[in-house]
Structures are given as C-alpha cells and as structure tokens.
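If you're wondering where the values come from, they're calculated on a predicted model, not measured in any experiment.
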Amino acid sequence: MTTTSPAARKPGGVRTGVQRFGTFLSGMIMPNIAAFIAWGFITMLFIPKGFFGAETPFTGWHWAGVAEIIGGGGDSAIIGWQGAMTTVAETADGNILAYVGLVGPMVTYLLPLLIANTAGRMVYGERGGVVATIATVGVIVGTNIPMFLGAMIMGPLAAWITKQMDKLWEGKIRPGFEMLVNNFSAGILGMLLAIAGFFAFGPVMLGISAVLGSAVDWLVSLQLLPVVSIIVEPAKVLFLNNAINHGVFTPLGIEQATETGKSILFLIEANPGPGLGLLLAFTFFGVGAAKASAPGAAIIQFLGGIHEIYFPYALSKPTTILALIAGGAAGVTTNMVLGGGLAFPAAPGSIIAVTAAAIGPGVGNLLTVYLSVVIAAVVTFLITGVILRASRKRDLEAEGDAFGAAIAQTEANKGKSSAAMDALRTSSGAAATGAAGSVVTDRRITNIVFACDAGMGSSAMGASVLRNKFKKAEIDGVTVINQAIANLDGTADLVITQQQLTDRAKAQSPNSIHVSVDNFMNSPKYEEVVEMVRTQRDSDA
C-alpha cells in the first residue's frame, strides 16, 4: 500500500493560501444552502410574479390572496386575513400598508444571521457564533439591503475579537465565577459590536455593496460580463469553485434576485454546461483511462452537480482550460442577451438544481437557461475536441508509457501483482507522493476521512464508494466519513484528498497518513486501502 508519510513541513504557496481563504468564505455559505433554497422556493411561489402571485394566471384563486400574505405583497383587499405566519407593517397613524410575509424577513434577517453564526463558529465555536450573530444584527438594521457581505465580514471579525478578549483573563477567573464572567463579557461585547455595526460598519458595507453592484451593472451594460469567465473557469479547476460561487456570486446574486426575482450571477460558476462539454469531448476523443472514465464522470457532473469531478481531466490537458473559458463565456452571453437567470443559488450545480431555480421566473426563463447550458456544452465540446484530436497520437504514446510505469511501480510497492492494477486509470503522477517519498504504513487504520474543499460534494461521493468496497470485502470496524479540509482535527488515521488539495490537508492534519488521488470516483488507491486493512485484520486473527 503506498501512502504519503506525515508532513514534515507546513505547505505554503500562493495557491494554497488562496484556496484556504476561499474555503473559509464558502464555509460560511455551504452549510446554510438549504435555507437559501427554502427562501428561493418561497419566493418562487409567492411573490407577485410567482406561481401563485397576483400577477400570474392564478389571480382570482383563493391561493392568490394567500400568496400575497406569505410573499409580503398584501394590501387592504386582503386585510382581513391575519394568519399566525404573518406580521403587519403600519404607518405612524396606524394605517396598514402591507403584510410583511416570509420573503422579506428571511432574506433580511434569517440568511445573513445564519451566515454570521456559521462564520463565528468557524472562528471561535459556539461562543463566537453567538457574539457574531448579535453584532451582525447591528449591521443589518443599519442598512436597507440584505447584508450578506456584512455578515461575512462582521461574523468572523466579531468571533475573533471575542477570542482575543477571552485571552485577557484566561486562567485568572476565580472558581465559581466562570459562567458569570463569560456570559456578561460576551453580552457586553456583543452589544458594543452591534452598536458599532449600526452606526459605522453598516453604512460602510452599504457603500461597498453599492460599489460591487455598480461594477456588475457596468459589466452588464458594456456587455463585458462574459469576460469574467477568463477568471472563473481557471479558478474553478484550481479548486476555488466554491469560494467563487458561494463567497462572491451568491451574496451579490441574492441582492439582485431580491429586486428582480432572478440573477444571472447564480449561473456564472454553477452552469454545468462547460464541464459536460469537456467530459463528452474526452469520451469521444480522449485516450486510455481518461476516455474510459469520462462517460461516468459526465453523468455524475451533470446530474449530481459535482463539478470537481471534471477538474482532473482539465489539469491533465491544461490547454482545455481555454475551451472551458470559451464555453463559460458563451453560456454567460446567452443568459445576458436573453435575460436568463436563477431565482436562488443552484447547489450543487446539477441540472436538476438549475431547473428548480430557473423555473420560478417563468417557462421562458427556463428555456433560456437550458439554452445557455447547451451552448456552453457545445462550445466547450468542439474546442476540446479540436485540442484532443490535435495531440491524439502523442497522447496515445505517452499514455502507454505512463500507464505501464504506474502499474510496474505500484506492483513493486505492493510486492506482488494485483487485480487492482488492471483497473489502473491514472498516470504515475497520480500516485501519492510526499516530502519523504512513498512508504508502507504499519499504523492501524480504523478512521478514514475523505476531505475536499467544502466537505459535501466530491468527498461524499468518494466516501460512499470506499464504504461500499469495504462492505463488499466484508471488512467491519472501519469508519469512513467525509469532511471539509478546514474541519480536519488530526484524529483521522488516514486522509484521502485530491492531489491539488493534499498540501492543505497535511497542514491541517499533519499526523495522519495522507493518500492523494486524481479522481474520487474510482481510484485504484481504494483497492490498496481495502487490501491494507484486510492484511491488518488478518494479522490480528
């Protein structure tokens, strides 16, 4: 079994640093995606232009009146209904203006506060989450737009300040007074930060949001929004996809969707078309392992929404990133020209999730979004096909040499031939390597963690695959879970990551054994892990 040895140094580099920062940004959003989807469905159904809204063919139905209440568009015509789920907005003289409903409070308060609490917990546990939430209320009330960016800054900042405050009297509190000091200090600090957020931080964030919104409007007005794909597509392949989508586009897109009912920003990164086109091109024009695995990867990427699965294919042939840029830009152009967009974030970026988020603004919008996916896929497919065909002969020769070398090296490390070698799909560069080279571990493996950027998509798939292999091999007593790299706590016996993320995993869990794979879907490394654990169990018998 080849594995990496525990890291002797802390990996660095600009890419790793940017990935780590991007993971932190996306980590605030990803755990709360269900809340965004819930808000999106409520918006899709009950705003005036929603399925049951007053401006749709459903007008006149009893549901139209209910929709005005739930969606917040009620007026004096339905003033008699005061359900438990609604509140009433009044003027100073007591005249009822409208039912607030669910849409406004959720986007104004619920979603930003969830983000702030999650960010606070990431920095300083439950205590940090509480103070971050209190402080963010001040930012929200001090502005008149949804404060997602404010929550993403004030949340971690408030938690960090709380952490520094606690260090001042750490170990100095008399026994019996801990709860008193902790509760009052957090409450007072939360109050002060909320006041600061109301008077200072909120207005600053309002200005920043206005500048960012103006920048997006400027790109749209000059028909330059497709140019963003030049940055987005290469960044995705470097595993910054969650950071870009949930750390940048989601906050801006939510504000835009609140005003217009949909946003093109939700589709810049999440459009599954470029990835589908790339994988289809490898299916028809690729060679060796890449060609054999691409069809299955295309199904997982398009229907499952796990975009990370196509990244290794692009990295194996870096020039195909140009095809991804062209495809992404074509998709953005289609939506920009025809007015396509999503009502809420599509997470994961599956065609199923995209459909659910696109159908709300209307059937015409859904067709536009579908067209953008198809055009993005076709453009990427054609350009990737040209690139692969141009280098096919060279790739066939290189594939054979690299493939044979990988089999020989792995069999040498195992000391015997293996059926797993017949399924070897990667080049020798896919083998796990580390600062101390490849080694055989004697450490007993009982806790295996698949780690990826967000801990939800590709790592969940890999963990499921390995669990099934252990079950098929009738091996018990091994726990296989998936986590975000940022949540690794050093307790894992073995950590499996994609090659581009291994350095970060080593820094987070330096005492674990680390295995790098090029693809979570079906790596031959899984067979080696199973064989190693089986050998350990046999030696105990």
Side-chain angles (χ1 to χ4, degrees), residues 1-27 30 122-123 235 237-243 308-309 311-312 315-316 406 409-410 413 426-463 465-466 478-521 523-526 528-529 532-533:
M1 161 67 194
T2 59
T3 65
T4 62
S5 59
R9 61 182 178 84
K10 183 176 181 179
V14 175
R15 187 184 67 186
T16 299
V18 173
Q19 286 179 343
R20 187 176 292 112
F21 177 69
T23 298
F24 184 79
L25 290 179
S26 63
M30 289 292 286
M122 291 170 63
V123 174
V237 173
L238 295 176
F239 293 87
L240 294 172
N241 54 312
N242 289 320
E308 290 94 335
I309 200 168
F311 298 169
L315 292 172
S316 69
Q409 181 61 52
T410 305
N413 290 335
T426 61
S427 67
S428 58
T433 57
S438 297
V439 298
V440 176
T441 180
D442 294 326
R443 178 171 178 171
R444 183 175 177 82
I445 304 300
T446 60
N447 181 18
I448 299 175
V449 175
F450 277 77
C452 70
D453 191 39
M456 296 182 182
S458 54
S459 61
M461 179 182 64
V465 170
L466 186 57
V478 180
T479 301
V480 182
I481 63 174
N482 53 286
Q483 282 185 338
I485 290 178
N487 293 335
L488 292 174
D489 56 9
T491 61
D493 298 315
L494 188 147
V495 177
I496 301 177
T497 52
Q498 288 172 305
Q499 288 177 314
Q500 300 295 320
L501 304 177
T502 300
D503 283 348
R504 288 170 53 201
K506 288 179 181 178
Q508 194 72 19
S509 186
N511 295 321
S512 302
I513 302 300
H514 290 266
V515 173
S516 297
V517 298
D518 73 327
N519 195 319
F520 275 149
M521 185 173 65
S523 172
K525 293 296 177 183
Y526 298 163
E528 297 183 40
V529 171
M532 185 197 68
V533 174

Here the gap from Lys506 atom NZ to Asn511 atom CG, rounded to the nearest 0.5 Å, amounts to 13.5 Å
Distance col, row Gln508:CD vs Leu501:CG, nearest 0.5 angstrom, shows 12.5 Å
All heavy atoms of Ser509 vs all of His514, minimum pair found to be O-NE2, 2.8 Å
Rounded to the nearest 0.5 angstrom, the CG-CZ distance for Leu494 and Phe450 is 8.5 Å
Scanning both residues in full, the closest heavy-atom pair of Ile445 with Val478 reads O-CG2, 4.2 Å
Item checked: 4.5 Å side-chain heavy-atom contact, Lys525 and Ile496 -> no
Correct closest heavy-atom pair for Ala451 and Thr497 would be O-CG2, 3.4 Å
Next item on the list: Say whether, by atom type as modelled, one donor and one acceptor occur between the side chain of Ser459 and the main chain of Asn482 under 3.5 angstrom.
Entry: no
Check: Does Asp493 use its side chain to pair, donor to acceptor, with the backbone of Ile448 at less than 3.5 Å?
Finding: no
- Check whether any side-chain heavy atom of Val515 sits under 4.5 Å from a side-chain heavy atom of Tyr526, and report yes or no. no
